[in-house]
Engineer: 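Shown below is the structure under consideration.
In this text the structure is predicted, and so the values were computed from the model without any measurement. Lettering of chains follows the sequences in order, A, B, ..., and the numbering in each one begins at 1.
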Number of protein chains: 2
Amino acid sequence: MGTTQPEAVPEPKYWHLKTVLSDALDSEFAVGEILPNERDLAARFGVARATLRQALEQLELEGRLQRRRGVGTSVAPPRMGVAVTDAGPNRPGAAGDAWQPIGSAWEAPPAAVARLLETEPGACVHIVRRTRRTRGQIVAAELLYVPARSVPALAAGPAEDSTAVLHELQALPLDGQDRSVELGSAGADEARQLDRLPGSPVLVVTTRYVAAGRTAAVAVATYRADTCKLTFGESTPPAVALAG
Amino acid sequence: MGTTQPEAVPEPKYWHLKTVLSDALDSEFAVGEILPNERDLAARFGVARATLRQALEQLELEGRLQRRRGVGTSVAPPRMGVAVTDAGPNRPGAAGDAWQPIGSAWEAPPAAVARLLETEPGACVHIVRRTRRTRGQIVAAELLYVPARSVPALAAGPAEDSTAVLHELQALPLDGQDRSVELGSAGADEARQLDRLPGSPVLVVTTRYVAAGRTAAVAVATYRADTCKLTFGESTPPAVALAG
DNA sequence: AAGTGGTCTAGACCACCCC
DNA sequence: GGGTGGTCTAGACCACTTG
């Protein structure tokens with residue numbers, strides 16, 4: 001009896017909070033502006049800080065917010081469109097948007113990669129580490145796995161220079177490539193390169209380069225999921241994608 | 001003094017927990033097996049339940065675990081490879097892997113979509129809702145936005161049948177399409193269709209279909225990020241992708 | 001009714017950034 | 001040193017599924 005209001009299913013507080021904050025972000029804050037701190041916000045909305053944080057986490061996941069320890073929470077700019085299709089190791093890529101080699105190694109790849117490469121588990125391959133910078137921001141960290149058979153001009157073993165591997169790889173005639181995209185979380189090393197905390201959500205792009213019917217190389221690139229929108233263009237998208 | 005071990009930077013507990021659990025998953029549990037409940041696990045590792053949950057959330061984000069309220073936490077199977085490239089509205093798609101129309105409407109699209117469609121903000125378009133099923137599982141929910149000009153054979157206004165819009169769209173000669181992939185979180189409606197909780201991470205695939213130099217249609221598909229790996233193949237990937 | 005994961009609280013301490 | 005977000009705790013209650 002009483003006030004007959006079954007209330008159906010009460011929406012979780014953090015969910016309601018999220019929509020309220022999202023609206024406020026659109027109407028009352030500018031990009032880059034810093035929000036009040038979490039303790040104040042929680043008090044203002046009458047919830048515990050953990051609950052407020054749950055809402056902030058969601059908004060960060062959607063690319064609406066950016067949080068930096070010791071600094072504060074700010075309104076994030078729209079996600080950058082990052083072209084994936086032509087960013088392969090043997091396409092130098094656009095001038096201002098470049099992959100930068102960080103180093104190289106001669107090690108055994110993880111089992112999953114070895115399977116793709118069709119190499120013996122435990123066998124060593126060239127591993128080139130690169131980062132990708134778009135408009136000044138580091139947006140991705142990549143590990144490029146190249147089996148010795150794909151770069152016959154190089155002696156098996158550690159390469160003196162990471163660019164040598166990339167250079168040899170360019171000489172290889174490609175049949176094609178296939179790619180997959182999935183959600184992951186940044187490992188300790190990737191997190192450092194991407195300037196994020198470990199565990200941050202990333203988009204993992206695995207590219208398999210095929211030459212002469214075999215897998216010539218495998219690239220595993222992890223993109224910041226908060227700031228990036230991966231684009232796969234066939235026609236010319238530029239203005240629209242950037243306007244976001 | 002005591003044992004002089006500065007311990008450098010202590011790794012967060014939930015991070016360490018995650019790796020321990022991850023190893024245990026590989027070695028001691030089978031796919032589909034249900035883990036001990038959260039309270040027991042937390043006690044066993046000597047942490048608060050919230051901390052244990054933080055580790056579980058990460059593992060779920062990586063597609064290692066599946067949690068169902070009222071049931072328990074189980075070991076997830078490897079992610080399904082879901083082909084995106086040839087799954088457009090005018091490619092019927094493979095036989096066993098199909099989009100199923102759910103309904104249609106005649107409404108104004110969100111502002112972001114209207115911008116892509118180059119229609120007036122507030123103008124109505126055909127909206128077709130579909131779900132995609134792969135191996136029996138619903139993996140994606142899509143909203144297909146079709147402006148009236150792209151389907152001249154149909155009267156402007158609510159379509160009697162969602163298949164009519166799709167049928168007319170197939171008649172349109174396409175110049176090409178471009179796509180973007182980004183991280184998002186499921187809204188209340190999408191969550192219901194995907195059998196997930198609101199806020200669950202999803203991969204949002206936005207496809208712009210171009211005909212005669214204009215945007216003919218826009219599809220916004222949200223894929224379950226926990227169970228799906230999106231594939232963009234140019235060569236034939238099958239066995240490898242499925243073996244995961 | 002019992003057991004599960006999901007939400008929420010009120011507090012504490014820590015790591016980091018900037019002044 | 002003072003402020004920020006990040007981690008952690010110990011408890012409570014709720015929503016859902018299953019027997």
Engineer: Just to verify, what does B:Thr207 make a side chain to side chain donor-acceptor pair (under 3.5 Å) with, not counting sequence neighbours?
Structural biologist: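 B:Thr207 satisfies side chain to side chain donor-acceptor pair (under 3.5 Å) with B:Arg179 only.
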Engineer: Check side-chain contact (heavy atoms from CB on, under 4.5 Å) between A:Thr222 and all other residues, then give those that pass, not counting sequence neighbours.
Structural biologist: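 Testing A:Thr222 for side-chain contact (heavy atoms from CB on, under 4.5 Å), a comparison that skips the adjacent residues, returns A:Ala141, A:Glu190, A:Leu194, A:Val202, A:Val204.
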Engineer: The criterion is side-chain contact (heavy atoms from CB on, under 4.5 Å); which residues satisfy it with A:Ala191, sequence neighbours excluded?
Structural biologist: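 side-chain contact (heavy atoms from CB on, under 4.5 Å) list for A:Ala191, sorted by chain: A:Ala186, A:Pro198.
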Engineer: Using a cut-off of less than 4.0 Å, is there contact between a side-chain N or O of B:Tyr14 and OP1 or OP2 of D:dC8?
Structural biologist: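 Answer is no, no contact under 4.0 Å.
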Engineer: Name the pairs: protein N/O against N/O of nucleotides 17-19 of chain D, kept only if under 3.5 Å.
Structural biologist:
none

Engineer: For DNA chain D, which residues in residues 185-203 of chain B have a heavy atom at a distance below 4.0 Å?
Structural biologist: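 Within residues 185-203 of chain B, no residue comes under 4.0 Å of DNA chain D.
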Engineer: Under 3.5 Å between N/O atoms: give me all the protein pairs with nucleotides 9-11 of chain C, atom names plus distance.
Structural biologist:
residue, atom, partner, partner atom, Å
C:dT9, OP1, A:Lys13, NZ, 2.9
C:dT9, OP2, A:Ala48, N, 2.9
C:dT9, OP2, A:Thr51, OG1, 2.4

Engineer: Applying salt bridge (charged side-chain N to carboxylate O under 4.0 Å, His left out) as the test, list every pair that has at least one member in residues 98-114 of chain B; sequence neighbours left out.
Structural biologist: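 Salt bridge (charged side-chain N to carboxylate O under 4.0 Å, His left out) check on residues 98-114 of chain B returns no pairs.
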Engineer: Can you tell me how the ring of A:Trp99 sits relative to the ring of A:Tyr223, calling it parallel under 30°, perpendicular over 60° and tilted otherwise?
Structural biologist: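 Rings of A:Trp99 and A:Tyr223: perpendicular, as their planes differ by over 60°.
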Engineer: What residues, two or more places apart in sequence or in another chain, satisfy side chain to side chain donor-acceptor pair (under 3.5 Å) together with B:Asp161?
Structural biologist: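 Result, side chain to side chain donor-acceptor pair (under 3.5 Å) vs B:Asp161: B:Thr163.
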Engineer: Distance check: side-chain N/O of A:Thr73 vs OP1/OP2 of D:dT4, anything under 4.0 Å?
Structural biologist: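 It does not, given that no N or O in the side chain of A:Thr73 lies less than 4.0 Å from OP1 or OP2 of D:dT4.
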Engineer: List, one per line, each side-chain donor-acceptor pair under 3.5 Å for residues 13-23 of chain B, sequence neighbours excluded.
Structural biologist:
residue, atom, partner, partner atom, Å
B:Lys18, NZ, B:Gln58, OE1, 3.3
B:Lys18, NZ, B:Glu62, OE2, 2.6
B:Thr19, OG1, B:His16, O, 2.7
B:Ser22, OG, B:Arg64, NH1, 2.8

Engineer: Return all side-chain donor-acceptor pairs below 3.5 angstrom for residues 41-57 of chain A, not counting sequence neighbours, or 'none' if the list is empty.
Structural biologist:
residue, atom, partner, partner atom, Å
A:Arg49, NH1, A:Glu38, OE1, 2.6
A:Arg53, NH1, A:Glu38, OE1, 3.2
A:Arg53, NH1, A:Glu38, OE2, 3.1

Engineer: What residues from residues 34-43 of chain A pass a heavy-atom cutoff of under 4.0 Å to DNA chain D?
Structural biologist: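 Per residue number, the list reads A:Asn37, A:Glu38, A:Arg39.
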Engineer: Can you name the side chain to side chain donor-acceptor pair (under 3.5 Å) partners of B:Asp189, sequence neighbours left out?
Structural biologist: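 Expected list: none.
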